[in-house]
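Letters go in sequence order (proteins before strands), and every chain restarts at 1.
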Amino acid sequence: MPPKAKKTPGAGARQSTLGSFFTLPKGQKPPELQQTKLKRTRAAPKTALSSENEDEPEGVKVDNQDEVMDGTEEADGNTAKTKKRVRDEEVAVKAEEEEEPATKRGRKASATKKKVGDEGAEPVKKRGRPAKTTASATKGKGKKVEPESEEEAESKPKSPTKAKKVAATAAKKAAAAKKEPTPEPEPEASASEAEVEAESENEVEAASETEQPAISQGARKQVQSKLTAGGKGLHPYPDWAAGTPVPYAALVKTFTLIEATSKRLEKLSHTSLFLRQVLRLSPDELLMVIHMMINRLAADYEGVELGIGESLLMKAICESCGRTMQKLKEDHKEVGDLGEVAMKSRNTQTTLFKPKPLTVASVHAGLKEIATTKGEGGQTRKVGGIKKLLSAAKGDEAKYLVRCLEGKLRLGLAERTVIVALSQAMIVHEAEKAGKKAPSLEQMTAAESILKEVYSSLPNYEIIIPEMMKVGIMKLKDTCKMQPGVPLKPMLAKPTKAISEVLDRFEGKQFTCEYKYDGERVQIHYVAPNASTEFPTIDKEKGIAKIFSRNSEELSPKYPDILAALDKWVQKGVESFVLDCEAVAWDREEKRVLPFQQLMTRKKKDVAVEDVKVKVCVFGFDLLFLNGKSLVQETLADRRKLMYKSFTPVLGEFAFATATDGQELETIQSFLEESIKASCEGLMVKMLDTSESFYEPSKRSRNWLKVKKDYLAGAGDSLDLVVIGAYHGKGKRTSWYGAFLLACYNPSSQNYETICNIGTGFSEEMLAKIHAHLVDFEIEKPKPYYIHASGNMQQPDVWFEPKVVWEVKTADLSLSPKYMAAKGIADTEGKGRGISLRFPRFIRERDDKKPDDATTSSQVAEMYNRQDVVMNGVNGKKGGAGGVDDDFEY
DNA sequence: GTCGAGGGGTACC
DNA sequence: ATCAGACGTATTCGG
DNA sequence: CCGAATACGTCTGATGGTACCCCTCGAC
């Protein structure tokens with residue numbers, strides 16, 4: 001039976017799109033995407049979208065209203081709402097169960113069934129080649145770069161003009177468009193697949209899992225070894241005198257090369273060549289060079305901040321080049337990159353004095369100085385520091401200097417790649433030094449994995465690099481081990497669009513689901529005074545007790561209360577540990593967790609235990625280190641057992657994350673519902689006991705899954721909002737709008753009240769189209785009936801006539817200091833705050849809606865209040881307890 | 001001189 | 001945080 | 001058995017709101 005028939009009528013067309021979208025199995029492209037892939041043409045994507053795959057008739061027009069209304073009607077009865085959700089989800093899931101073709105090995109045999117319903121029209125894409133026709137069509141955009149296009153790219157490596165880019169994509173699409181949706185022939189495969197799976201799925205999976213990393217390097221290594229093994233003179237920058245400081249120009253040259261290509265392997269090779277050169281000529285500066293490449297001054301937890309942002313930077317450029325701010329801004333808008341702007345500006349001015357050429361060391365020192373400048377007149381002095389650097393910069397140097405100050409190198413080269421490059425450079429260097437031949441692929445692979453592993457357990461170059469120079473890369477593991485006091489990179493989770501996706505991945509294995517609390521990820525490090533194991537960097541007498549954030553920032557000053565309460569919940573005999581947990585705001589009276597917005601209001605510095613305003617409860621979910629031993633290589637099941645044994649829950653102070661190991665869809669389903677009722681964001685799903693359950697922060701960045709409520713059918717709020725303003729895009733989005741200002745409609749005042757900016761969820765194609773479309777509606781000044789904050793800061797770059805309506809999805813609604821939506825309507829504590837959206841993202845255009853059909857202020861208010869009720873329990877203490885700046889009396 | 005508002009920056013999500 | 005796009009690798013199918 | 005095409009994972013860089021902290025500047 002086509003699932004569609006089962007849909008709740010109220011949900012209407014929206015459900016049909018989202019529903020099917022979110023329940024698609026992994027291997028399959030959602031119809032929309034597929035659609036776009038197949039049919040993308042610059043003209044009329046709209047029609048393609050709506051006509052073809054959403055069989056979405058008139059109902060659409062009002063569905064949003066309906067939905068909101070639904071919500072409100074059910075608001076008091078909470079349960080009704082919940083039920084509805086459950087139902088939708090069930091439907092979705094069932095639908096999938098029925099029609100999912102075993103895209104992935106490891107799916108059920110039932111999958112052989114042909115799909116029907118929503119996506120029925122769309123042929124199922126299977127692994128492997130579907131049909132002949134595609135060949136010629138796809139060629140145009142082939143995966144390997146075609147000679148011509150490469151030529152093109154090469155000829156203007158930097159700042160390819162947008163027009164060109166658009167043209168290119170358009171061409172691609174045109175080519176792709178020829179591709180015919182082929183009428184899928186293919187039940188056979190799934191049958192055999194199913195069989196294979198039945199026999200040996202686990203082994204196969206496990207084997208491939210473990211081996212993958214090593215094998216996969218093969219081809220890449222070959223390239224690498226070729227590039228790296230050659231010896232001197234391969235790097236385009238001429239050697240500087242050995243032992244002298246690395247010229248900044250050499251680094252910049254490398255940057256330029258890296259930026260010029262989009263190929264990752266090529267970036268990699270440039271990086272390792274340069275690093276090798278550094279190793280050869282000025283090994284002492286390796287650390288600094290690495291820091292510069294990843295654009296950092298020191299380890300994260302040392303809290304070195306530049307304190308420089310766009311504004312100050314512009315000021316500095318302005319002063320140093322003698323141009324007006326206005327001109328600068330214009331350029332910025334056009335070029336989209338302050339670095340380029342700075343470089344160009346400098347070019348127009350002849351430098352009379354020839355300052356000493358910049359070196360990596362001098363730049364580093366300059367930056368550090370800027371970072372440490374503070375106090376009265378600090379900003380001016382910082383600007384002075386920038387000017388000094390800038391005036392010594394030649395050519396491209398200025399560009400990267402500025403970007404470095406901006407904190408975005410925008411090279412397409414991030415830390416991960418640098419690590420790989422470093423390992424390669426190092427191993428080659430070592431071989432050469434020892435007079436041996438170029439290292440074998442195996443050696444290179446080994447070196448790479450060693451460095452990765454070491455870095456993941458001790459992410460601090462200031463320790464690793466000197467050690468590596470001393471003992472060599474292959475022995476690093478022996479000396480650089482995890483230690484309390486150095487924060488690990490936390491393991492992250494991959495977003496999941498449907499519960500079925502979880503099963504898809506974890507089916508047949510032991511896994512667990514935990515609540516995903518809405519707080520701050522926190523890593524607690526502890527060593528008791530006089531612990532029996534000693535650590536090189538820790539004073540034995542004092543021990544250590546520190547807290548780190550998700551990004552390895554030190555949070556101890558922010559949470560003295562947690563540290564002070566440690567002995568309440570750490571069991572005796574636990575001498576040292578590293579605990580992964582979530583700190584959540586806690587309501588002492590109601591004994592329940594509070595929303596994130598509440599947690600945010602905690603002070604960050606100089607917090608004394610006595611005057612903590614927002615109490616925090618710690619929810620532990622993983623133990624990474626215990627009594628002198630790293631647990632990273634233990635299974636989650638074991639780690640968790642140890643955790644349970646080592647700590648004791650104390651109400652309102654510490655708890656273990658609520659978890660269930662149930663394997664059934666229904667179990668997960670209801671667990672999810674529970675978690676949401678308990679004010680959580682959703683669930684985390686983790687493998688329990690295969691080797692995949694090791695804590696592997698860097699090896700596999702997303703080995704956990706998160707299931708968030710706003711993904712699931714019916715549980716996410718979506719709104720239809722009017723576009724009334726926009727901001728010029730930067731970087732990739734130069735010459736388009738980069739973000740937009742949205743508003744809801746207030747029918748009683750006939751005003752448009754701003755509710756949020758939005759800048760994600762658009763495809764490039766969409767952005768281009770949007771720009772082309774909206775340019776014509778730009779207006780000089782905001783309409784008098786636009787209600788928006790007056791601050792200079794908040795104004796968009798351009799205003800529009802109210803014409804276009806977009807569907808936007810959000811996770812939450814929050815009280816806002818800068819947006820005006822529903823001000824005075826919702827239960828906003830009379831503080832004159834409006835409502836805004838948390839994590840807004842663009843879903844699609846609603847060309848079937850007029851601006852005054854947009855979501856209304858009262859609907860927004862309704863949504864907010866409903867959420868408030870859910871959050872605070874039906875009885876909610878002292879009416880509308882969500883008030884953010886409510887004082888919390890005890 | 002002191003105080004508060006607002007700009008600018010950074011962190012969290 | 002969310003999201004899209006590009007690249008690299010693994011897998012599969014047609015010949 | 002190979003080449004081509006697809007599927008999937010990883011990495012990168014666009015962009016969101018809010019709160020705090022620090023500095024600046026103007027009012028008194």
Check whether any side-chain nitrogen or oxygen of [X] sits under 4.0 Å from OP1 or OP2 of [N], and answer yes or no.
| X | N | answer |
| --- | --- | --- |
| Arg733(A) | dA14(D) | no |
| Asn757(A) | dT15(D) | no |
| Lys267(A) | dC11(D) | no |
| Tyr819(A) | dG17(D) | yes |
| Ser262(A) | dC7(C) | yes |

Go through [options] for me and flag the one nearest to the [X] side chain.
| X | options | value |
| --- | --- | --- |
| Arg410(A) | dT2(C), dG16(D), dA14(D) | dA14(D) |
| Arg841(A) | dT2(C), dC23(D), dG8(C) | dT2(C) |
| Glu553(A) | dA11(B), dG8(C), dG17(D) | dA11(B) |
| Ser311(A) | dC23(D), dC20(D), dG8(B) | dG8(B) |
| Ser763(A) | dT18(D), dA4(C), dC11(D) | dA4(C) |

- Which of these, Val860(A), Leu719(A), Asp812(A), sits in a side chain to side chain contact (heavy atoms under 4.5 Å, CB included) with Leu837(A)? Leu719(A)
In whole Å, what is the span from the [atom1] atom of [X] to the [atom2] atom of [N]?
| X | N | atom1 | atom2 | value |
| --- | --- | --- | --- | --- |
| Leu767(A) | dT15(D) | CG | C1' | 10 Å |
| Glu520(A) | dA19(D) | CD | C1' | 11 Å |
| Lys732(A) | dC11(D) | NZ | C1' | 10 Å |

May I ask you to say what [X] touches in the nucleic acid, namely base, sugar-phosphate or nothing, with a heavy-atom cut-off under 4.0 Å?
| X | value |
| --- | --- |
| Lys706(A) | sugar-phosphate |
| Pro495(A) | nothing |
| Leu413(A) | sugar-phosphate |
| Ser816(A) | sugar-phosphate |

- Can we call the ring centroids of Phe762(A) and Trp806(A) under 6.0 Å apart? yes
- Task: Check the side chains of Tyr559(A) and Glu520(A) for a donor-acceptor pair under 3.5 angstrom, ignoring hydrogens and angles.
- Result: yes
- Query: Hey, which of these two, Cys756(A) or Leu411(A), hits DNA chain D nearer its 5' end, going by closest nucleotide?
  - Reply: Leu411(A)
- Query: Quick one: on DNA chain D, does Gly738(A) or Lys604(A) contact a more 5' nucleotide (nearest heavy atom)?
  - Reply: Gly738(A)
- Query: If you find the nucleotide of DNA chain B closest to Lys558(A) and the one closest to Met793(A), which residue's nucleotide is nearer the 5' end?
  - Reply: Met793(A)
- Sorted by position of nearest nucleotide on DNA chain B, 5' first, the leading residue of Glu681(A) and Gly309(A) is Gly309(A)
- Message: Just checking Asp611(A): does its CG atom have more than 12 heavy atoms from other residues, nucleotides or ligands closer to it than 6.0 angstrom?
- Response: yes
- Message: Quick check on the helix from dG1(B)-dC28(D) to dC13(B)-dG16(D): what's the angle between its two end axes, five base pairs per end, to the nearest 10°?
- Response: 10°
- Task: Would you state whether a donor and an acceptor, one from the side chain of Arg416(A) and one from the base of dT12(D), lie under 3.5 Å apart?
- Result: no
- Task: For residues Gln523(A) and Leu555(A), determine if any side-chain heavy atom of one lies less than 4.5 Å from a side-chain heavy atom of the other.
- Result: no
- Query: Relative to the ring of Phe548(A), is the ring of Tyr301(A) parallel (under 30°), tilted (30 to 60°) or perpendicular (over 60°)?
  - Reply: perpendicular
- Considering all heavy atoms, the nearest Lys382(A)-Ala371(A) contact: NZ-O, 4.0 Å
